[in-house]
Protein chains: 2
Amino acid sequence: MELRLLRTFATVARTGNVSAAALELSTSQPAVTKQLQLLERRVGATLFVRGRQGARLTSAGEALLPDALDLIARAEAFERRAGSVAAGEEGTLSIGFGLSGIELAPQAVALFRSRYPGVTVSLDDMSSAVQYERLLAGTLQVGFVRLPVPAGITHRRLRQDHLALALPAGVDRPGERATSAQVASWLDGRPLVRLRPERGPGLTDQITRLYDELRCRPRVLQEARDLQTVLALVAAGVGAAVVPATAAAIAPGSVELMPLRGKAASWWIGVASVERSVLLDRFVAAAVAAART
Amino acid sequence: MELRLLRTFATVARTGNVSAAALELSTSQPAVTKQLQLLERRVGATLFVRGRQGARLTSAGEALLPDALDLIARAEAFERRAGSVAAGEEGTLSIGFGLSGIELAPQAVALFRSRYPGVTVSLDDMSSAVQYERLLAGTLQVGFVRLPVPAGITHRRLRQDHLALALPAGVDRPGERATSAQVASWLDGRPLVRLRPERGPGLTDQITRLYDELRCRPRVLQEARDLQTVLALVAAGVGAAVVPATAAAIAPGSVELMPLRGKAASWWIGVASVERSVLLDRFVAAAVAAART
DNA sequence: CAGTTCCATAACCACAGGATATGGACAACC
DNA sequence: GGTTGTCCATATCCTGTGGTTATGGAACTG
């Protein structure tokens with residue numbers, strides 16, 4: 001049942017006149033006649049009595065007209081909805097973030113939601129590796145990740161992050177202006193709390209690369225699965241830890257963060273995505289704006 | 001927004017696979033691809049991420065799929081409904097009847113309603129002239145009328161009706177086996193109650209023709225607008241009346257009907273219609289069946 | 001009776017949309 | 001690492017739907 005037929009059905013019913021309907025539908029009168037005949041064959045019943053006074057609904061036509069109007073209205077509603085989904089005023093966006101997004105993601109989401117309240121946003125904490133997987137599988141639209149990203153994923157740089165040494169307040173430490181060599185010797189063999197490595201390349205590799213660069217080898221005293229726990233252990237005096245500087249956002253007050261220098265100590269955080277849509281572009285824009293503050 | 005596009009959208013979404021959807025829709029894979037591309041252009045958003053693992057919904061696709069499914073389901077419901085309207089299992093039938101149908105119409109409607117309970121029947125009392133008018137205008141599907149019918153109206157004969165003399169019980173009257181001449185002389189100049197003539201040719205003309213045939217001229221004492229009133233006046237002893245024999249169905253017990261003879265004294269009652277539909281054919285069949293009892 | 005106003009039919013034509021064949025990307029498997 | 005299979009996209013061709021103009025027939029109108 002093509003909607004085109006129903007539209008001409010409705011128009012003819014309203015005008016009560018094939019020619020007038022043709023005019024209104026900006027087509028020719030024979031076209032309308034043919035469409036009506038086709039619809040009547042499809043339906044299996046005569047819908048109009050044609051005569052000199054125009055076209056009048058039969059009882060079958062009378063019975064079907066309301067349903068036809070309803071269907072047309074719903075089709076139009078669908079088109080409107082499709083339009084607003086395409087325009088990014090409606091829809092859903094599922095966003096992932098890991099350690100890298102721990103500070104930025106909530107800010108970006110808050111900004112985005114204030115701009116586009118019609119969009120349903122779901123924000124989920126997951127590792128970078130899982131984000132990549134789900135981005136490529138299409139079950140995740142956006143991720144906050146450490147750059148670079150694997151092939152097939154596009155990204156936009158947001159801000160730089162640095163590794164920092166997390167220490168309990170009032171504990172022996174390298175001086176504020178300590179050289180890399182001094183920091184390295186301080187770290188070497190020192191008992192540390194570290195994040196448990198995830199599947200795939202992650203933050204722990206980044207940290208390992210820094211150790212390699214500094215040529216030091218701290219001793220892992222304890223592992224924890226999330227950054228909050230690591231920081232809590234640091235606060236409890238279990239040991240020091242090397243963490244992203246953005247962790248300051250969630251660090252207890254008694255933990256102090258001391259930036260580390262070195263090539264491997266700094267990297268870019270970005271928003272990553274695979275699909276392209278207005279909604280997504282807008283979220284990226286919101287993330288960029290949030291990163292600037 | 002053609003429903004065809006939505007159907008392939010739904011199928012691809014369900015199978016997650018363009019080729020499989022093509023198979024299921026019994027079309028070719030490129031056709032499905034083109035339809036998806038067209039739909040995406042119409043909607044203005046990408047609905048699927050295509051890859052080696054098939055086609056997966058984007059968030060926009062996810063957002064629109066339920067609406068599309070709903071629209072498809074409603075279109076199918078419309079087709080089903082159209083089918084049952086065409087099959088005459090559903091719909092409305094508006095039926096007219098005048099004096100001629102006073103006995104038959106209720107019987108026919110009762111039979112029809114018991115056969116097709118899904119059909120809404122409206123039964124309205126109106127003169128033959130009005131029935132013809134409304135039949136031709138399309139606002140009436142069936143009428144119970146005195147034959148013959150005007151051009152443009154088709155009919156089916158149901159049963160014969162006769163004029164009869166309505167008299168109060170126990171009153172001076174022509175004998176049971178009176179000749180036409182005896183009846184004529186009885187009628188001549190006699191005070192009668194008669195039905196008020198309606199616009200157009202009606203029962204009163206039929207009666208006038210009988211008087212002409214019998215060469216008598218009764219005196220009209222009183223007119224009434226409907227047959228019930230005429231019979232009530234007869235019962236009250238106001239006078240005799242010439243009425244259809246079928247009026248027996250609604251005559252008070254104290255009124256006796258005496259059949260009149262003569263060419264003009266008898267005529268056919270039929271069902272008249274203009275449109276053609278299964279519903280209508282079935283009603284006519286029910287009327288014929290009712291007339292046979 | 002000519003003119004007008006309806007709708008239906010006829011004949012033609014353009015283009016949408018389907019089919020077949022092919023290409024390109026990637027994964028899996030010898 | 002080549003080969004093969006499995007995806008989807010593209011190219012080209014062609015059929016059939018659905019549009020157009022022109023014309024016909026019927027009924028009402030002046």
Side-chain angles (χ1 to χ4, degrees), chain A residues 1-9 11-43 46-58 61 132-133 135-138 150-154 274-276, chain B residues 1-42 46-58 61 132-133 135-138 150-154 274-276:
Chain A
M1 191 64 55
E2 300 97 321
L3 290 173
R4 186 176 46 94
L5 298 182
L6 297 187
R7 276 186 237 278
T8 71
F9 171 39
T11 309
V12 173
R14 182 160 43 76
T15 60
N17 184 310
V18 173
S19 311
L23 205 63
E24 190 169 319
L25 294 165
S26 50
T27 182
S28 68
Q29 171 261 313
V32 172
T33 293
K34 283 213 290 188
Q35 286 188 26
L36 287 187
Q37 289 171 341
L38 181 60
L39 181 62
E40 288 179 334
R41 268 196 294 128
R42 293 266 165 87
V43 165
T46 305
L47 299 175
F48 293 97
V49 190
R50 283 82 142 180
R52 335 50 269 103
Q53 78 284 9
R56 306 184 92 88
L57 283 171
T58 63
Y132 294 143
E133 196 178 289
L135 280 170
L136 289 169
I153 295 180
T154 58
V274 169
E275 304 174 13
R276 289 230 39 189
Chain B
M1 190 64 52
E2 299 98 319
L3 290 174
R4 185 176 47 92
L5 299 183
L6 296 186
R7 275 186 238 278
T8 72
F9 171 40
T11 309
V12 173
R14 182 160 43 75
T15 61
N17 184 311
V18 173
S19 311
L23 204 65
E24 189 169 321
L25 295 165
S26 51
T27 182
S28 66
Q29 171 261 312
V32 172
T33 293
K34 283 214 293 189
Q35 286 187 26
L36 286 188
Q37 290 171 340
L38 182 59
L39 180 62
E40 288 179 334
R41 269 197 292 128
R42 292 266 166 86
T46 306
L47 298 175
F48 293 97
V49 190
R50 281 82 141 181
R52 316 69 252 111
Q53 78 286 8
R56 306 184 92 87
L57 282 171
T58 63
Y132 294 143
E133 196 178 288
L135 280 169
L136 290 169
I153 294 179
T154 59
V274 170
E275 303 174 17
R276 288 231 39 191

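Since the structure is predicted, the reported quantities are computational estimates derived from the model, not experimental observations. Letters A, B, ... mirror the listed sequences (proteins, then strands); counts begin at 1.
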Has [X] got a side-chain N or O lying under 4.0 Å from the OP1 or OP2 atom of [N]?
{"X": "A:R4", "N": "D:dT17", "result": "no"}
{"X": "A:N17", "N": "C:dT5", "result": "no"}
{"X": "A:S28", "N": "D:dT20", "result": "yes"}
{"X": "A:S19", "N": "C:dT5", "result": "no"}

Q) For DNA chain C, what are the stems built from at least three Watson-Crick or G-U pairs in a row, each pair having both distances below 3.5 Å? A) C:1-30 with D:1-30
Which donor-acceptor pairs under 3.5 Å do the side chains of residues 22-31 of chain B make with protein atoms, sequence neighbours left out?
from  : atom 1 : to    : atom 2 : distance (Å)
B:E24 : OE2    : B:R14 : NH1    : 3.1
B:E24 : OE2    : B:R14 : NH2    : 2.5
B:S28 : OG     : B:A31 : N      : 3.4
B:Q29 : NE2    : B:T33 : OG1    : 3.1

Using whole Å, report how far [atom1] of [X] lies from [atom2] of [N].
{"X": "A:L25", "N": "D:dG19", "atom1": "CG", "atom2": "C1'", "value": "13 Å"}
{"X": "B:R56", "N": "D:dC8", "atom1": "CZ", "atom2": "C1'", "value": "15 Å"}
{"X": "B:L39", "N": "C:dG17", "atom1": "CG", "atom2": "P", "value": "12 Å"}
{"X": "A:Q35", "N": "C:dC7", "atom1": "CD", "atom2": "P", "value": "15 Å"}

Q: Please name all residues satisfying side chain to side chain donor-acceptor pair (under 3.5 Å) with B:R42, sequence neighbours left out, ordered by chain then number.
A: B:E2
Q. Once you round to the nearest 0.5 Å, how far does CZ of A:R4 lie from CG of A:L39?
A. 10.0 Å
Q | Separation between CG of A:L5 and NZ of A:K34, rounded to the nearest 0.5 Å | A | 12.0 Å
Taking only nitrogen or oxygen atoms into account, show me every contact under 3.5 Å that the protein makes with nucleotides 27-30 of chain D, one pair per line with its distance.
none

Q. Which atoms form the tightest heavy-atom contact between B:G61 and B:F9, and what is the distance?
A. O-CZ, 3.7 Å
Q | Minimum-distance pair of heavy atoms, taken over all atoms of B:Q35 and B:T8 | A | OE1-CG2, 2.5 Å
Q. Quick check: does any side chain N or O of B:T58 sit under 3.5 Å from a backbone N or O of B:T46, one acting as donor and the other as acceptor?
A. yes
(Q) One pair to check against side-chain contact (heavy atoms from CB on, under 4.5 Å): A:L38 and A:R41. What are the steps and the verdict? (A) CA-CA 5 Å; A:L38 181 60; A:R41 268 196 294 128; 3.5 Å; yes
Q | Most 5' of A:L38 and B:A20 on DNA chain D, judged by nearest nucleotide | A | B:A20
For nucleotides 8-11 of chain C, print each protein N/O atom paired with a nucleotide N/O atom at under 3.5 Å, atom names and distance only.
from  : atom 1 : to    : atom 2 : distance (Å)
C:dA8 : OP1    : A:R50 : NE     : 2.8
C:dA8 : OP2    : A:T33 : OG1    : 3.1
C:dA8 : N7     : A:Q29 : NE2    : 2.9
C:dA8 : N6     : A:Q29 : OE1    : 3.1
C:dT9 : OP2    : A:Q37 : NE2    : 2.9

Q. What residues, two or more places apart in sequence or in another chain, satisfy side-chain contact (heavy atoms from CB on, under 4.5 Å) together with A:A55?
A. A:V12, A:V18, A:F48, A:R50
